[in-house]
Amino acid sequence: MKQNDPLPQSQVRQRQQSCTVDKLSENDLKDFHLDNLNFNKQRVSLAVICSQNQQDESLVKYQKAILENIDELKDEAPEVEFFLMEVLFPNKPERSIALDLQFGMKENEKTPFKIKEGEEYHIRLHFKVKNDCVIGLKLYNTIRRHGIKVDSYEEIIGSFAPKKHIQIYDMESQIAPSGFLARGHYKGKLLFADGDGIVHMQFDYYFEISKDW
């Protein structure tokens, strides 16, 4: 990874509004509680680490074993391309929602998805890691109603090696709020950042909590 270009802007990064954490606005840093996360300018790619240990035969053999199912490593920052976000309802699987994270988010703004109050649900992510291992990937979520922040949380997704295939991860289950005051339209913002201070994707989404389906 070149020091003068820490995060080369590919089409994927541009579409996903990817950036280093220091490029976020002050409001986003406060909203997502990212004030203490800094971009790691000294990060060393796995490709470089492997190339530095070629003289140690036992280490080379070990590296080949653990890297057997890994896609091509590059001396670049990891790129996480998100394809799909599903909202799954275990008690109502036919109501499950699939959001196209590549080209379908404008439709979500026009037609917010619906969640019945008190319903259990969880999010399933479909993504692909490229270039290098992504370490300590986290989801950060803030939710607003009438412009007022009503909820925020974060969840560790984990660390992933670059693979040729799409990887899938299920988030923890949650229960939608219930009651007259909880019903209505909401605007959320999701942000995915790793432990090295790289924001891989950020986007707004829209939903409604209703009394019935």
Side-chain angles (χ1 to χ4, degrees), residues 15-18 21 24-37 80-129 134 136-160 166-195 199-213:
R15 185 178 69 242
Q16 297 186 166
Q17 301 182 62
S18 178
V21 71
L24 292 173
S25 68
E26 288 188 15
N27 286 338
D28 279 342
L29 289 173
K30 290 179 181 178
D31 265 1
F32 293 111
H33 306 292
L34 291 169
D35 309 69
N36 297 321
L37 180 62
V80 183
E81 181 176 7
F82 291 90
F83 294 92
L84 192 70
M85 182 176 83
E86 295 180 271
V87 184
L88 304 174
F89 304 98
N91 299 320
K92 282 280 185 180
E94 70 275 12
R95 291 287 182 176
S96 296
I97 301 153
L99 296 177
D100 179 357
L101 297 183
Q102 292 188 301
F103 308 108
M105 294 312 293
K106 288 184 179 179
E107 290 301 316
N108 172 239
E109 185 174 359
K110 296 175 185 176
T111 311
F113 62 85
K114 184 181 290 188
I115 301 176
K116 182 180 178 294
E117 62 178 359
E119 194 73 24
E120 181 184 356
Y121 69 95
H122 75 271
I123 291 173
R124 175 175 291 166
L125 299 168
H126 300 246
F127 59 93
K128 188 175 182 181
V129 179
V134 60
L137 186 64
K138 272 188 178 183
L139 173 149
Y140 298 84
N141 189 22
T142 63
I143 299 172
R144 281 183 161 77
R145 188 179 184 191
H146 306 306
I148 299 172
K149 183 177 174 181
V150 295
D151 192 18
S152 66
Y153 67 88
E154 61 185 68
E155 183 176 336
I156 296 174
I157 301 175
S159 300
F160 301 88
I166 292 175
Q167 302 187 63
I168 296 174
Y169 184 83
D170 286 334
M171 309 294 290
E172 293 181 3
S173 293
Q174 302 203 42
I175 304 294
S178 58
F180 174 76
L181 294 177
R183 297 171 202 150
H185 288 82
Y186 294 80
K187 177 182 178 180
K189 183 170 184 177
L190 280 177
L191 183 148
F192 298 90
D194 66 24
V199 177
H200 292 279
M201 187 173 190
Q202 51 183 318
F203 63 90
D204 296 331
Y205 66 99
Y206 303 82
F207 66 99
E208 176 189 0
I209 292 178
S210 59
K211 185 176 181 179
D212 299 300
W213 287 112

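Start at 1 with the first residue, then count along the sequence.
Residues passing the side chain to side chain contact (heavy atoms under 4.5 Å, CB included) test with S25, sequence neighbours excluded: N27, D28. In this view, E117 and S178, R183, I209, K211 satisfy the side chain to side chain contact (heavy atoms under 4.5 Å, CB included) rule, not counting sequence neighbours. Among residues two or more places apart in sequence or in another chain, the side chain to side chain donor-acceptor pair (under 3.5 Å) test is passed with E86 by H126. Residues satisfying the salt bridge (charged side-chain N to carboxylate O under 4.0 Å, His left out) criterion with K138, sequence neighbours excluded, are E154. Every side chain to side chain contact (heavy atoms under 4.5 Å, CB included) that D31 has, sequence neighbours left out, goes to T142, R144, K149. For K187, the salt bridge (charged side-chain N to carboxylate O under 4.0 Å, His left out) partners at least two apart in sequence or on another chain are D204. Every residue meeting the side chain to side chain donor-acceptor pair (under 3.5 Å) condition with Y153, not counting sequence neighbours, appears here in chain and number order: N141, Q174. The side chain to side chain donor-acceptor pair (under 3.5 Å) search around D170 returns R124, not counting sequence neighbours. Annotation: ring pair (Phe, Tyr, Trp, His ring centres under 6.0 Å) contacts of Y205 (sequence neighbours excluded): F207. Legend: residues meeting side chain to side chain contact (heavy atoms under 4.5 Å, CB included) with E208, ordered by chain and number and at least two apart, are K114, H185, S210. The ring pair (Phe, Tyr, Trp, His ring centres under 6.0 Å) test applied to Y140 returns no partner, not counting sequence neighbours.
Applying the side-chain hydrogen bond (donor to acceptor under 3.5 Å, both in side chains) rule to pairs touching residues 88-104 yields E81-Q102, sequence neighbours excluded.
No more than 12 heavy atoms of other residues, nucleotides or ligands lie within 6.0 Å of CD1 in I156, so this atom counts as exposed by the packing criterion.
Using a cutoff of 4.0 Å between basic side-chain nitrogens and carboxylate oxygens, E107 and K110 are scored as salt-bridged.
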Worked check of ring pair (Phe, Tyr, Trp, His ring centres under 6.0 Å) between F192 and F127: CA-CA 12 Å; F192 298 90; F127 59 93; 8.5 Å; no

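For the residue pair I123 and M85, the shortest heavy atom distance occurs at CG2-CG, 3.5 Å. Counting all heavy atoms, side chain and backbone alike, E172 lies closest to E155 at N-OE2, 3.0 Å. What you find for K128 and F83 is that their closest heavy atoms are CB-CE1, 3.6 Å. Pairing each heavy atom of L181 with each of Y186, the nearest pair is O-OH, 4.4 Å. Counting all heavy atoms, side chain and backbone alike, W213 lies closest to I115 at CZ3-CA, 4.2 Å. Summarising the geometry of L24 relative to L34, their closest heavy-atom pair is CD1-CD1, 3.8 Å, with the distance given to 0.1 Å.
Under the 3.5 Å distance criterion, the side-chain polar atoms of S18 are matched with a main-chain donor or acceptor of V199.
L139 CG to M171 CE: the interatomic distance, rounded to the nearest 0.5 Å, is 4.0 Å. Here L101 contributes atom CG and F203 contributes atom CZ; the two are 5.0 Å apart, rounded to the nearest 0.5 Å. To the nearest 0.5 Å, the span separating CG on L125 from CD1 on I166 amounts to 12.0 Å.
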